[in-house]
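I have placed the structure first, in the form of C-alpha cells, so that the comments after it can refer back to it.
Both counts, for ligands and for their atoms, begin at 1 and track the order of listing. What you see below is based on every heavy atom in this structure, not just the backbone, and it leaves out hydrogens, waters and symmetry mates.
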Amino acid sequence: MRRRERALLEQAKLVLDFNWTGGYTKPGPRLYPHQWSWDSALISIGYSHYDQDRAESELLHLFDAQWRNGLLPQIVFNPSFGDYFPGPGFWHAQESPDAPRNHRTSGVVQPPVHATAVRLVYERARDRGRAREFLERAYPHLVFWHDYLHRERDPRDEGLAYIRHPWESGMDNSPLWDAILQRLHLREDEIPSYRRVDVHTVSEQDRPTSAAYDRFAYLVRLFATHGYDEAAIREECPFLVQDVLFNSLLCRAEADLAELAPEIGEDPAPHRERARRTARAIDEKLWDEEHGTYLDYDLAAGRPIHVYCASNFLPLFAGVPDEERARRMVDFLEHGGFGLSDRRMRPVPSYDVHGFGFSPTRYWRGPVWINIDWFLLRGLERYGYREHSARLSTTIRELCERSGFYEYFDPFTGQGHGSVLFSWSAALLVDVLLAAADEAPSPRQP
Ligand code: GLC
C-alpha cells in the first residue's frame, strides 16, 4: 500500500475511534447519536479487517435489542441523548408485547445486511476460537430476524418482504417514495406534533422537507396506535413497498447464512432455498424490461414504481440477474443518468441525474453514498466488470481523500454534505483499501 493510502486508512480508523461508544459505533458525531441497524452492520465490515473485538461487539449490541418476534430495530437509543426526534417517547415501542425490556428502540427495521456482515467478520477473524463462539451467538439472531421478515412482511408468501416506512429502506428521502407520500393527504389534525432537531445540525437544504417529515411522523403514529401489531398495520398502512435494495440484501443475506450454517453444524438448505425463492421473485416480479433494470413495487396501489435510483441495481450484489440482464443493467449505468462511463461525474449518483427533481446535494435525491457504491462495486466485480468496479473503488477513495469522510457527496463537485466524520464512509473505505478483490465473499449463486 502506498504512503498516501496508508495515511487515509489511519484517518478512517480515527473516525471510527471517534464515534466508538464502548459498545457500538455512532453513525456520526452529532446528527446520529444512537446505534443504527444497517450502519452497524456496514461498520463491522470495516472493523473485520483489524479489530475483531469491536466488529463482534458492534453486531452483538444490536442483536441484544432484538424484539421477541425477531424484529431487528432500526435504532437502539442511547439513553444519555434526550434531544433527538423521533425519540423513544414518540415511537411508543414499549407498548408492543414484543419490544425488548433491556433497551429502548424504534419500531421499524432497516435493510438486512447483517448476515453478510457476520460472514465477513467471522471469515476474517484471527482468533478462530472466539470467532466460532461469536458465530454461535449471532446465528440464532440472524435466523430469527430473517424468519420475522418472511413471516410478518411477506403475507402472500411471494418471496419478497415489504417495508412500511421510508426509513425502513435506509434511503429515507428517496424520490422512490414521492408518489406514495403525495397520495397521503393529511388534515392538520392528523399530523402529530413534533420538533425536528436534524435541521439544527446540518443545512436544511440537504434534508427532507417538512411535508415529508409530517408523513414520516404520521406513519410512526399509525404503528404506535396499533401497538406494533403487524397484521393490523398491514390492513391500514398506505405505505407498503417491495423494495429492490431491501430484497436484494435479504437474498444475499440468506445465501451468506447458508454458507455459515455448516460451520456450526446447522442445516444450510432452508436458507439456500429462501435465497433462491427471493432471487426468482425479484427477477420475475421486479424486472423492468423496458429500461433494463429492477423496479420497486407499490403493494398498496398494486403497481411498479417507475423511478430509477442507484439502489435499483442492487440485484447485482445478490447475483440475481443472468449475464444478459446484468449486461443491460451495466449499459443503463453507463449511458443513462448514472455516469459510469462519464468522466465529468463521480459515479454513482443515488438518483438518475435526468430524473425529475434530481438534486446533487439533497439527501438521497442525487448525491453519491459510499454504501451504495460499495454494494455496486462488489456486484460489478461479481459479474466480471472489473474496470467499472475499479472506477467505483477509486471514486470512494478520492471522495474520502479530497473531501473527508462525509455522509454523502455531490456527484459533480465531489463536495461532502450531511454529517461529518460519518462512520460507514470510513468503514467501507477501510474495506476498499484492505480487501483484495478476490477476498470478497461470493456466496453460491442463489
Ligand atoms: C439516515 C440514512 C439511514 C442511516 C441513518 C444513520 O437516516 O438515511 O440510511 O441509517 O441516517 O446513518
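For the pair Met171 and Asp243, the minimum side-chain heavy-atom distance is below 4.5 Å.
Partner His165 forms a ring pair (Phe, Tyr, Trp, His ring centres under 6.0 Å) with one of Trp177, Phe216, Tyr218 and no other, that one being Phe216. Each of Phe246, Trp424, Trp369 was compared with Trp38 under the ring pair (Phe, Tyr, Trp, His ring centres under 6.0 Å) criterion, and only Trp424 meets it.
With a 4.0 Å heavy-atom cut-off, ligand 1 is reached by no atom of Gln74.
Those atoms of ligand 1 with a heavy atom of Pro27 less than 4.0 angstrom away are 6 (C), 12 (O). For ligand 1, the atoms sitting less than 4.0 Å from at least one non-hydrogen atom of Trp364 are 2 (C), 8 (O), numbered in the order shown with element in parentheses. Of all atoms in ligand 1, numbered sequentially from 1 with element shown, those under 4.0 Å from a heavy atom of Tyr363 are 1 (C), 2 (C), 7 (O), 8 (O), 11 (O). Counting atoms of ligand 1 from 1 in the listed order, those under 4.0 Å from a heavy atom of Trp38 are 3 (C), 4 (C), 9 (O), 10 (O). Close approach of ligand 1 to Gly170 is summarised as follows: ligand atoms under 4.0 Å from at least one heavy atom of the residue are 2 (C), 3 (C), 8 (O), 9 (O). Of all atoms in ligand 1, listed by their number and element, those nearer than 4.0 Å to a heavy atom of Phe422 are 12 (O).
Judged purely by distance below 3.5 Å, without hydrogens or angles, the side chains of Gln52 and Tyr47 never pair a donor atom with an acceptor atom. Side chains of Thr105 and Trp91: no donor on one and acceptor on the other come within 3.5 Å.
Atom 12 (O) of ligand 1 has its closest protein heavy atom at Asp39 OD2, 2.7 Å.
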| field | Intermediate values then yes/no, ring-ring contact (aromatic ring centres under 6.0 Å, His included), His146 and His114 | value | CA-CA 10 Å; His146 292 185; His114 311 84; 8.3 Å; no
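At a 3.5 angstrom cut-off on N or O pairs, Trp369 does not count as close to ligand 1. Inclusion of Trp36 in the set of residues having an N or O under 3.5 Å from an N or O of ligand 1 is not warranted. Looking at Gln110 next to ligand 1, an N or O pair under 3.5 Å apart turns up.
Between Arg6 and Glu10, none of the side-chain N atoms (NZ, or NE/NH1/NH2) sits under 4.0 Å from a carboxylate O, so this pair counts as no salt bridge.
Enclosure of atom CZ in Arg234 by more than 12 non-hydrogen atoms of other residues, nucleotides or ligands within 6.0 angstrom is indicated.
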